[in-house]
*Asks:* 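Okay, here's the structure, questions in a sec.
Positions are given from 1 along the sequence. In each ligand, atom 1 is the first atom listed, and ligand 1 is the first ligand listed.
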Amino acid sequence: MKKLFGVIGDPIAHSMSPVMHNDLFNHYGIDAAYVPLHVRKSNLEDAIKGFKAIGIDGFNVTIPHKTEIMNFLDEIDPLAEAIGAVNTVVNKEGTLIGYNTDGRGFVRGLTEELSSLPDKKVMLIGAGGAARAIYFSMAEAGVQKMDICNRTTEKADLLKKACPFPVNTSIFDIEGASKCIEDYDLLIQTTSIGMSPNVDERPLEFNQLKIGCFASDIIYNPLETQFLKEAKSLGANIQNGIEMFVYQGALAFELWTGIFPDTKRMKKNVLNQLGGSTC
Ligand code: ATR
């Protein structure tokens, strides 16, 4: 029987996941369909009951349901529990299990570009939901020194206290981080600053970066944010948010099928959908 997968969110029409996953199912000869499913907040519980009733095989979860969905699942993976958000659900013989592949996807995408990740001195910019998934997953991957800068330092402090894995972290405000940014091997930009249409904005100022510095931004619209442009002009190697998007999808696909898919193919597909070229 044809397998059924989907992505739930509100709004959902813009999602690039259906094209990406349907291409993979087709490529690997798996008889399955992946559909966008518009679910409003007030209908979330009923939708999950319906999914169980029809035996959906798995689904992704996007804004605004990533936290709320945890109330309606049977089991939650410990990392997703700690992050407090689920983006992937697997139906294992009637039991709905929630995972978070956002942070682990980010780390996987990074390790394709960078060797010896645990030894890097990292500055995480931002302390919201995306930062939380990345911070915990980087710590899970063994990163030892990872500082956080955020406009609201209290939020960064909460993140540090909540991390279930050992990691050495100092907290900076934006001004403080700007002064010492050249000490870091890896900068990770997780805020929405610089996202279209506010493409001239950047989260912090810097005039110098460490030689060999790597700068990553989780934004993919635009493909090259002002933050990445400036880091590149100072000699840094850069990565945009397509990697995180592709690798969270690849890890979800692996959870559903046991196959870790061709991420180059996925990236090409996503870039086609965005109508651009990679940086
Ligand atoms: P997400 O779930 O996408 O990470 P979020 O939880 O709202 O979104 O977090 C947004 C992050 O961007 C936070 O770190 C936020 O800083 P505060 O914690 O101080 O609010 C940061 N951010 C958003 N807009 C900002 C701005 N104009 N200036 C500085 N930081 C900003």
Side-chain angles (χ1 to χ4, degrees), residues 7-12 14-17 41 44 60-70 79-88 98-107 109-110 122-139 146-163 167 169-179 181 184 186-206 215-222 225-228 230-231 239-245 247-249:
V7 55
I8 64 166
D10 181 19
I12 200 60
H14 66 286
S15 173
M16 294 188 290
S17 294
K41 266 188 167 183
L44 183 61
N60 284 126
V61 184
T62 188
I63 292 165
H65 304 311
K66 286 186 176 189
T67 299
E68 186 71 11
I69 185 116
M70 296 172 77
L79 180 68
E81 185 83 59
I83 293 169
V86 159
N87 79 321
T88 302
Y99 295 86
N100 188 308
T101 69
D102 287 326
R104 283 182 180 143
F106 177 83
V107 171
L110 204 56
V122 185
M123 176 64 89
L124 186 72
I125 304 163
R132 192 175 170 97
I134 290 172
Y135 180 61
F136 289 7
S137 302
M138 292 281 281
M146 185 167 31
D147 294 340
I148 307 174
C149 78
N150 199 45
R151 174 178 59 181
T152 318
T153 51
E154 292 79 8
K155 271 173 79 178
D157 225 19
L158 288 176
L159 212 60
K160 175 180 168 171
K161 289 199 178 103
C163 187
V167 54
T169 298
S170 304
I171 309 288
F172 294 90
D173 59 16
I174 302 293
E175 203 184 321
S178 296
K179 286 185 191 142
I181 206 79
Y184 293 86
L186 172 58
L187 313 177
I188 304 172
Q189 200 304 104
T190 71
T191 77
S192 52
I193 302 169
M195 195 185 284
S196 182
N198 304 314
V199 296
D200 296 330
E201 294 178 5
R202 62 216 195 295
L204 79 174
E205 286 177 30
F206 45 83
S216 177
D217 197 321
I218 67 164
I219 293 172
Y220 53 76
N221 181 19
T225 56
Q226 188 61 28
F227 166 76
L228 288 184
E230 290 182 14
Q239 178 186 68
N240 64 25
I242 288 191
E243 235 74 23
M244 181 176 177
F245 178 71
Y247 279 86
Q248 64 75 32

*Asks:* Please write down residue, atom name and distance for the protein heavy atom closest to atom 23 (C) of ligand 1.
*Replies:* Ser192 OG, 4.0 Å
*Asks:* Could you check whether any side-chain heavy atom of Thr190 comes within less than 4.5 Å of a side-chain heavy atom of Ile125, counting everything from C-beta outward?
*Replies:* no
*Asks:* Would you sort out whether Asp217 and Gln239 count as a side chain to side chain donor-acceptor pair (under 3.5 Å), showing the intermediate values?
*Replies:* CA-CA 6 Å; Asp217 197 321; Gln239 178 186 68; over 6 Å; no
*Asks:* In the protein, which heavy atom is nearest to atom 22 (N) of ligand 1, and how far is it?
*Replies:* Arg151 NH2, 4.0 Å
*Asks:* Would you mind listing which atoms of ligand 1 come within a distance below 4.0 Å of any non-hydrogen atom of Gly126?
*Replies:* 14 (O)
*Asks:* Among all the protein's non-hydrogen atoms, which is closest to atom 14 (O) of ligand 1, and how far away is it?
*Replies:* Asn150 OD1, 2.7 Å
*Asks:* Measure the shortest side-chain to side-chain distance between Val122 and Tyr184 over non-hydrogen atoms and say whether it is less than 4.5 angstrom.
*Replies:* no
*Asks:* Taking only heavy atoms of Ala127 into account, list the atoms of ligand 1 that are under 4.0 Å away from them.
*Replies:* 14 (O)
*Asks:* Which atoms of ligand 1 sit under 4.0 Å from any heavy atom of Gly129?
*Replies:* 1 (P), 2 (O), 4 (O), 6 (O)
*Asks:* When you measure from atom 5 (P) of ligand 1 to every protein heavy atom, which one gives the shortest distance, and what is it?
*Replies:* Gly128 CA, 3.9 Å
*Asks:* If you measure from atom 17 (P) of ligand 1 to every heavy atom of Ile63, Thr67, Thr152, Asp173, which option wins on shortest distance?
*Replies:* Thr152
*Asks:* Could you tell me which atoms of ligand 1, counted from 1 in the order shown, lie closer than 4.0 angstrom to a heavy atom of Ile193?
*Replies:* 25 (C), 26 (C), 28 (N), 29 (C), 30 (N), 31 (C)
*Asks:* For atom 12 (O) of ligand 1, what is the nearest protein heavy atom, given as residue, atom name and distance?
*Replies:* Thr191 CB, 3.2 Å
*Asks:* Pick from Asp173, Ile174, Leu158, Ile148: which one makes a side chain to side chain contact (heavy atoms under 4.5 Å, CB included) with Thr153?
*Replies:* Asp173
*Asks:* With the threshold set at 4.0 Å, does a side-chain nitrogen-carboxylate oxygen contact exist between Arg202 and Glu230?
*Replies:* yes
*Asks:* Under the 3.5 angstrom rule, does the side chain of Thr152 hit a backbone N or O of Glu154 as a donor-acceptor pair?
*Replies:* no
*Asks:* Starting from atom 3 (O) of ligand 1, which protein heavy atom do you reach first, and at what distance in Å?
*Replies:* Ala130 CB, 4.5 Å
*Asks:* Strictly less than 4.0 Å: does any protein heavy-atom distance to atom 7 (O) of ligand 1 fall in that range?
*Replies:* no
*Asks:* Would you kindly say whether Ser17 and Asn60 are connected by a side-chain donor-acceptor distance under 3.5 Å?
*Replies:* no
*Asks:* Starting from the C-alpha separation in whole Å, work towards a yes-or-no answer on side chain to side chain donor-acceptor pair (under 3.5 Å) for Thr101 and Tyr247.
*Replies:* CA-CA 8 Å; Thr101 69; Tyr247 279 86; over 6 Å; no
*Asks:* Taking the side chain as C-beta and beyond, is there a heavy-atom pair between Phe172 and Ser178 under 4.5 Å?
*Replies:* no
*Asks:* Which of the atoms in ligand 1, numbered in the order shown and given with their element, are less than 4.0 Å from a heavy-atom of Lys155?
*Replies:* 17 (P), 18 (O), 20 (O)
